[in-house]
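Structure first, commentary second.
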Amino acid sequence: MPSKYDGFLIDEMNKITQEFTSKHTARETGLQISRLVIRLSANAIRAVHRKDFDKAQVLIKEAKDKLKEGKIILTEWPEIYYSGFMSDARKEFSEACITLGIISDTGIPDAQNIGVEMAPYLNGMAETVGELRRFILDSLRQNDISSCEEFMETMDDIYNLLVTIDFPEGVTGGLRRSTDLVRGILE
């Protein structure tokens with residue numbers, strides 16, 4: 001004989017299954033987008049190092065379009081949108097945009113312009129310092145010192161900005177650690 005809760009439990013199981021199926025689908029979509037954005041951003045950074053700025057812009061536009069697709073996750077599943085893997089994608093994208101802007105001398109884009117939140121933007125900016133270091137070393141190997149000092153000054157400027165951000169790690173997405181890494185690079 002069925003218990004008095006059988007109907008309720010079956011209804012609840014159906015709701016739970018529907019909700020978790022939707023959440024799982026959003027997570028899988030987010031993972032795919034994250035992987036693709038990270039790959040496109042890494043390839044854009046490689047193109048910047050080769051001074052193929054047009055190719056970098058194409059890759060960055062493709063990554064930006066993918067990130068826009070991922071925004072749909074924010075409305076129903078903000079915990080997935082703000083999860084580590086999605087934030088990492090926005091951080092890598094920010095790094096690619098900022099690296100391109102500095103090395104191509106088109107200027108540093110702001111967070112709003114590229115469509116990311118402040119925490120991944122600042123962490124991407126911190127990682128840009130490593131890319132500038134790499135670019136300087138490559139330039140020195142090629143006996144091209146023309147922009148090295150300017151890039152070193154930019155690296156210092158970024159560090160000086162980052163050390164002024166004094167908020168808890170939960171707000172900044174681990175910026176203190178990223179800032180410490182920048183300091184290590186500069187030293």
Over all atoms of both residues, closest heavy-atom pair of Thr172 and Asn123: O-ND2, 3.0 Å
Is the backbone of Ile72 close enough, under 3.5 Å, to the side chain of Thr75 for a donor and an acceptor to pair up by distance? yes
Looking at side-chain heavy atoms only, is the closest gap between Ile158 and Met155 below 4.5 Å? no
Answer whether the closest heavy-atom distance between the side chains of His49 and Arg46 falls below 4.5 Å. no
What are the two closest heavy atoms between Tyr121 and Ile108, and how far apart are they? OH-CG2, 3.5 Å
Any side-chain hydrogen bond (donor to acceptor under 3.5 Å, both in side chains) pairs touching residues 145-159, not counting sequence neighbours? Asp144-Ser146
With distance as the sole test, does Glu92 use its side chain to make a donor-acceptor pair with the main-chain N or O of Gly124 at under 3.5 Å? no
Can you pull the salt bridge (Lys or Arg N to Asp or Glu O under 4.0 Å) pairs that have at least one residue in residues 113-123, sequence neighbours excluded? Arg90-Glu117
Flag, side chain of Ser34 to backbone of Phe85, donor-acceptor distance under 3.5 Å: yes
Would you check if Phe8 and Met13 make a side-chain contact, meaning some heavy-atom pair closer than 4.5 Å? no
Would you confirm whether Thr17, through its side chain, and Asn14, through its main-chain N or O, come within 3.5 Å as a donor-acceptor pair? no
Is there a salt bridge (charged side-chain N to carboxylate O under 4.0 Å, His left out) between Asp65 and Lys61 once you walk through the steps? CA-CA 6 Å; Asp65 291 345; Lys61 180 176 180 338; 3.0 Å; yes
Minimal non-hydrogen separation, Gly173 against Ala119, with atom names: N-CB, 4.2 Å
Around Arg183, counting heavy atoms of other residues, nucleotides and ligands shown, do more than 12 lie under 6.0 Å from its CZ? yes
Does the salt bridge (charged side-chain N to carboxylate O under 4.0 Å, His left out) test come out yes or no for Glu79 and Lys23, once each step is laid out? CA-CA 10 Å; Glu79 66 271 27; Lys23 187 173 187 176; 3.3 Å; yes
Kindly say whether Ile80 contributes a backbone atom to a donor-acceptor pair with the side chain of Ser83 at under 3.5 angstrom? yes
Close side-chain approach of Val48 and Ile102, heavy atoms under 4.5 Å: no
Tell me, do Cys148 and Leu140 make a side-chain contact under 4.5 Å, heavy atoms counted? yes
Residues, nucleotides or ligands: over 12 heavy atoms within 6.0 Å of Ile16 CD1: yes
In chain order, what residues pass the side chain to side chain donor-acceptor pair (under 3.5 Å) check against Thr106, with sequence neighbours excluded? Ser104
